[in-house]
Structures are given as C-alpha cells and as structure tokens.
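The block underneath contains the structure these notes are about, expressed in structure tokens.
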Amino acid sequence: MSLPRVTLRARARRFTEVSERTDREFGIVDSDLAAVRLQAGNLDQKVGNLGEKVDGLADAVRGLS
C-alpha cells in the first residue's frame with residue numbers, strides 16, 4: 001500500500017523544514033560555542049596576568065620583612 005502523493009509531499013516538506021530549523025539551531029549553538037571559547041581564552045590570559053602580579057606583590061612583601 002502506498003501513500004497518496006499529497007501525504008508524501010507534505011512529509012517531505014515537513015522533513016525539509018525540520019532539517020532547516022535544525023541547521024539554524026546548530027549554527028546558533030556553534031556560534032555560541034565559539035564565543036565561549038574566546039571568553040575562556042581571554043579569562044585564561046587574565047588569570048595568567050593576575051598570577052604574575054600576585055607573584056610580584058608577594059616578592060615585594062617578602063622584601064619588606
């Protein structure tokens with residue numbers, strides 16, 4: 001038993017719509033992930049710089065003793 005052509009076309013159209021929506025949503029998630037990676041890189045750099053400043057301050061405090 002085969003499905004009527006109208007039903008097949010409707011299912012194909014729905015499949016295409018869902019596929020396009022999924023692609024769009026994946027693109028949004030991928031873009032968000034790229035932004036998070038950049039933020040993590042920036043935070044890592046800031047933490048490194050802060051660590052250097054803390055080490056310098058600790059050396060200065062030790063020099064006062």
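All heavy atoms count here, side chains included; hydrogens, waters and symmetry mates do not. Sequential numbering from 1 along the given sequence is applied to the chain's residues.
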* Structure fact -> Taken to the nearest 0.5 Å, the spacing of E25 CD from E20 CD works out to 12.0 Å
* Structure fact -> Here the gap from R13 atom CZ to L8 atom CG, rounded to the nearest 0.5 Å, amounts to 12.0 Å
* From K53 NZ over to K46 NZ, what is the distance, rounded to the nearest 0.5 angstrom? -> 11.0 Å
* Structure fact -> CG (D59) and CG (L64) are apart, to the nearest 0.5 Å, by 11.0 Å
* Does T22 reach the main-chain N or O of V18 with its side chain, forming a donor-acceptor pair under 3.5 Å? -> yes
* Straight-line distance of L50 CG to D55 CG, nearest 0.5 Å -> 9.5 Å
* Could you walk me through whether N49 and Q45 pass the side-chain contact (heavy atoms from CB on, under 4.5 Å) check? -> CA-CA 6 Å; N49 292 339; Q45 187 177 22; 4.2 Å; yes
* Separation between CG of L33 and CG of L38, rounded to the nearest 0.5 Å -> 10.0 Å
* Asked: Between the side chain of T16 and the main-chain N/O of A12, is any donor-acceptor distance below 3.5 Å?
  -> yes
